[in-house]
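Lettering of chains follows the sequences in order, A, B, ..., and the numbering in each one begins at 1.
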Amino acid sequence: MSSNADIAAIFEQMAALLELTGADKFRVNAHARAARAIEACAEPLVDLADDLKALEAIEGIGAKSAKKIAEYAETGEIKEHRELLAKVPSGLLDVLAVPGLGPKTVKLLWEEKGVEGIDDLKRIIEDGSIADVPRMGAKTIANIADAISFAERSAGRLQLGLAVPIAEMICERLRAVKGAGSVEYAGSARRGRETVGDLDILASGKDEAALHDAFSSMPEVEKVLASGESKSSVRMQVGKHLIQADLRVVGAAHHGAALMYFTGSKEFNVRLRERALKKGMTLNEYGLYPEDQEKTPPQHRGVKPIASKTEEAIFEALGVAFVPPELREEGTGWERWKQTPELIEVKDIRAELHAHTTASDGAMSIEELVEAAKERGFHTIAVTDHSRSSAIAGGLSVERLMEHIEAVREVDAKTKGITVLAGSEVDILADGTLDYEDKVLKKLDVVVASPHASLRQEPVVATERLLKAIANPFVHILGHPTGRLIGEREALSPDIGRLVAAAVEHRVALEINSHWRRLDLRDVHVRAAMSGGALIAIDCDVHRAEQFGNIRYGIATARRGGVAPERCINTWTAKKLHALLKAKR
DNA sequence: GCCGTTTTCGGCCCGACTGTTTTCAGTCG
């Protein structure tokens with residue numbers, strides 16, 4: 001299989017390998033950028049490989065990279081990549097990944113000490129010979145040893161739903177510091193990325209030192225990595241999760257510029273700063289200033305910024321429409337916007353269409369589920385317990401399903417203020433048939449069809465399987481279409497373009513499952529669904545009441561995919577939504 | 001290696017912090 005992720009990984013690796021061979025840094029960066037551009041593409045690039053012009057049309061992909069992608073599509077490898085791997089020991093890539101070790105140092109360790117992997121590095125630390133290398137003092141050596149141990153203990157990036165609560169906990173504590181002003185989290189958590197590498201906290205306040213102290217002395221902090229006047233950095237353990245957190249304290253006058261800078265993405269910042277230069281201005285984390293060729297940064301010379309207090313002001317001064325944080329990524333095309341796209345928000349959601357009760361693997365009774373949905377102000381809640389094949393999840397036999405439908409109807413009859421629909425999350429079997437016969441499906445108000453087993457199918461097989469499910473006349477929603485679990489399993493890689501086209505044809509909504517372990521569809525798929533004209537359902541797949549709170553992660557994913565409220569059926573009025581569902585009965 | 005309502009060649013964002021240095025290189029975001 002050769003997904004975009006595979007190709008992106010090769011480009012990413014080429015960037016690192018080039019760095020280690022001492023290649024021009026702009027060339028290195030161009031490879032890293034190409035990797036991001038490839039990753040952000042919804043369409044499988046191997047399908048585009050016949051058309052070099054189409055590949056080159058992708059921002060960040062030039063003639064050379066397009067040729068390499070075509071070469072990969074044809075031969076399954078890239079010659080330059082193979083040659084680089086022959087030159088540089090692949091274990092060096094692990095060494096380069098150790099925090100604090102950059103290309104210069106790794107190259108030096110390799111050339112002077114023969115280090116070709118982590119084990120070699122550990123060995124020369126242990127026998128002390130690492131000290132022969134220039135600029136290797138006691139502190140540096142200790143930091144490297146520590147970083148290795150951290151890398152070994154850390155599971156890497158944290159899922160969004162694990163990172164955000166930690167970020168919020170830190171913010172709460174800093175807000176409690178005397179004289180604290182605004183405190184908020186930025187970085188990839190603010191952009192709503194599915195995983196977060198480290199937490200970026202931005203604060204202002206009367207007593208800057210007090211904020212840094214409070215931050216560095218949190219009980220979960222196991223090591224202070226840096227502590228300067230404006231920035232401190234710690235490594236902390238929260239529960240079983242290890243994560244790095246950075247705090248930046250800036251004056252309120254610089255808040256917008258700092259927030260923008262700290263939110264990123266890095267690529268976005270670079271593009272924006274380039275744009276500023278073209279307009280005769282310079283942008284840094286303190287503000288947007290007139291460019292005057294002076295070497296000392298403008299904020300140190302008392303230069304009055306053109307804009308700095310709010311992000312909005314900076315965008316305006318640059319002549320760019322405000323870019324929502326979720327869209328500040330490579331390949332979203334923000335440079336061409338005339339105005340900010342209208343994106344869906346949590347408050348737009350008025351119905352949950354994918355929920356489980358104690359009848360299968362949920363923790364709530366029908367009544368408790370309905371109560372929780374009412375509390376969120378929803379007009380509709382669909383009860384969609386598992387179908388019979390999901391035995392582990394307590395899937396319902398046809399007989400039990402019939403009883404369950406009755407039970408749901410009874411609750412609906414006696415409930416005021418919300419419509420309770422009888423539905424099912426029906427397994428899509430390996431061959432694409434559904435777990436209940438059509439005559440059973442017909443009795444249900446809502447059918448969410450989802451893949452749960454046979455998740456290692458080849459893309460072609462998976463595509464046909466899901467297409468068949470979409471074409472079933474009784475299906476309303478395609479639930480978590482790929483079945484992936486972030487960082488745990490890739491699951492299916494269907495041809496999203498074809499799924500979208502079929503979903504449009506059969507008026508099936510594609511689900512964004514809001515659980516932070518899933519976020520499935522993922523952001524780039526959602527973007528494809530939007531450009532293809534499909535409807536989206538954003539659901540929490542609730543098993544417990546608190547999981548309704550996961551909607552924020554589903555919404556973040558939707559926003560990253562450019563979803564406007566009207567494209568999501570959960571935002572529709574009861575009348576409109578129910579009409580859509582009934583049209584298939 | 002990419003890119004261009006100034007450019008198809010000559011640029012390519014900007015600052016904080018650390019550690020090992022006596023003025024700065026390396027790394028990070």
Remember a base hit wins even if backbone is also touched, and classify A:L283 as base, sugar-phosphate or nothing at under 4.0 Å, heavy atoms.
sugar-phosphate
Which residue is it: A:L17, A:L18, A:T21? I am looking for the one with a side chain to side chain contact (heavy atoms under 4.5 Å, CB included) to A:V28.
A:L18
What nucleic acid atoms does A:K68 come within less than 4.0 Å of, heavy atoms only: base, sugar-phosphate, or nothing?
sugar-phosphate
Using atom types as modelled and distance alone, determine if a side-chain donor or acceptor of A:H31 lies under 3.5 Å from a backbone N or O of A:A15.
no
May I ask you to evaluate whether A:T282 reaches the phosphate of B:dC13, defined as a side-chain N or O under 4.0 Å from OP1 or OP2?
no
Take A:K231 and A:E285 through the test salt bridge (Lys or Arg N to Asp or Glu O under 4.0 Å) and record every step on the way to the result.
CA-CA 12 Å; A:K231 184 183 156 182; A:E285 58 261 53; over 6 Å; no
Distance, P atom - from B:dT23 to B:dC13, rounded to whole angstrom
29 Å
Measure the distance from CZ on A:R36 to P on B:dC2 and round it to the nearest whole Å.
13 Å
What is the nucleic acid contact for A:A138, judged by heavy atoms within less than 4.0 Å: base, sugar-phosphate only, or nothing?
sugar-phosphate
Could you measure between the two C1' atoms, the one in B:dG26 and the one in B:dT20, and give it in whole Å?
11 Å
What's the closest nucleotide to the A:R135 side chain, out of B:dG19, B:dG15, B:dC17?
B:dG19
Could you tell me the Watson-Crick or G-U partner of B:dC9, where both distances fall under 3.5 Å? Say none if there is no partner.
B:dG4
Lys/Arg-Asp/Glu bridge criterion (N-O < 4.0 Å) met for A:E329, A:R191
yes
Roughly, in whole Å, what's the span from CD1 in A:I141 to C1' in B:dT18?
15 Å
Can you tell me how far P in B:dT18 sits from the matching atom in B:dC12, rounded to whole Å?
29 Å
Using atom CG of A:N284 as one end and atom P of B:dA16 as the other, report the distance to the nearest whole Å.
8 Å
Nucleotide nearest A:S227 (side chain, heavy atoms from C-beta), chosen from B:dG19, B:dT7, B:dT18
B:dT18
Short N-O contact, A:K79 and A:E83, less than 4.0 angstrom
yes
Please work out if A:G264 contacts a base, only the sugar-phosphate, or nothing of the nucleic acid, heavy-atom cut-off 4.0 Å.
nothing
Atom NZ of A:K67 to atom P of B:dG1: distance rounded to whole Å?
11 Å
With a 4.0 Å cut-off on N to O distance, would you call A:K113 and A:D132 a salt bridge?
yes
Pick the P atom in B:dG1 and in B:dT5, then give their distance to the nearest Å.
23 Å
Report the distance from atom CZ of A:R301 to atom P of B:dC14, rounded to the nearest whole Å.
12 Å
Student check: side-chain heavy atoms of A:P298 and A:D292 closer than 4.5 Å:
no
With the side chain counted from C-beta on, respond yes when A:E291 and A:L277 share a heavy-atom pair under 4.5 Å apart, and no when they do not.
yes
Using atom C1' in both nucleotides, what's the gap between B:dC14 and B:dC9 to the nearest angstrom?
25 Å
Name the residue closer to the 5' end of DNA chain B, choosing between A:M281 and A:E56 according to the nucleotide with the nearest heavy atom.
A:E56
Contact nearer the 5' end of DNA chain B, comparing A:N269 with A:N143:
A:N269
Tell me the interatomic distance from A:M260, atom CE, to B:dC13, atom C1', rounded to whole angstroms.
14 Å
Is there a donor-acceptor contact under 3.5 Å from the side chain of A:S217 to the main chain of A:D213?
yes
Starting at atom CG of A:L277, determine the distance to atom P of B:dC3, rounded to an integer number of angstrom.
18 Å
Tell me whether the OP1 or OP2 atom of B:dA16 has a side-chain N or O from A:Y286 closer than 4.0 Å.
yes
For the C1' atoms, the ones on B:dT7 and on B:dG11, what distance do you get once it is rounded to whole angstrom?
9 Å
In whole Å, measure the gap between the P atoms of B:dT6 and B:dC2 for me.
23 Å
With a 4.0 Å cutoff (strictly under), does any side-chain N or O of A:S233 reach OP1 or OP2 of B:dC17?
no
So which of residues 14-35 of chain A are in contact with DNA chain B, with a heavy-atom cut-off of under 4.0 Å?
A:D24, A:F26, A:R27, A:A30, A:H31
Out of A:I144, A:N143, A:T140, which one pairs with A:L101 under the side chain to side chain contact (heavy atoms under 4.5 Å, CB included) rule?
A:I144
Quick one: which protein N/O atoms are closer than 3.5 Å to N/O atoms of nucleotides 27-29 of chain B? Pair and distance per line, please.
residue	atom	partner	partner atom	Å
B:dT27	OP1	A:G102	N	2.8
B:dT27	OP1	A:G102	O	3.0
B:dT27	OP1	A:T105	N	3.0
B:dT27	OP1	A:T105	OG1	2.4
B:dT27	OP2	A:K104	N	3.3
B:dT27	O5'	A:G102	N	3.4
B:dC28	OP1	A:G100	N	2.6
B:dG29	OP1	A:D198	OD2	3.3
B:dG29	N2	A:Y261	OH	3.4

Charged N to carboxylate O below 4.0 Å: is that the case for A:R193 and A:E39?
no
A:R336 CZ - B:dG4 P separation (whole Å)
10 Å
With a non-hydrogen cut-off below 4.0 angstrom, is A:R271 in contact with a base, only sugar-phosphate, or nothing?
nothing
Determine the Euclidean distance between corresponding C1' atoms of B:dA16 and B:dG10; express it in Å to zero decimal places.
30 Å
Verify the distance criterion only: is there a donor paired with an acceptor across the side chains of A:R190 and A:T263 at less than 3.5 Å?
yes
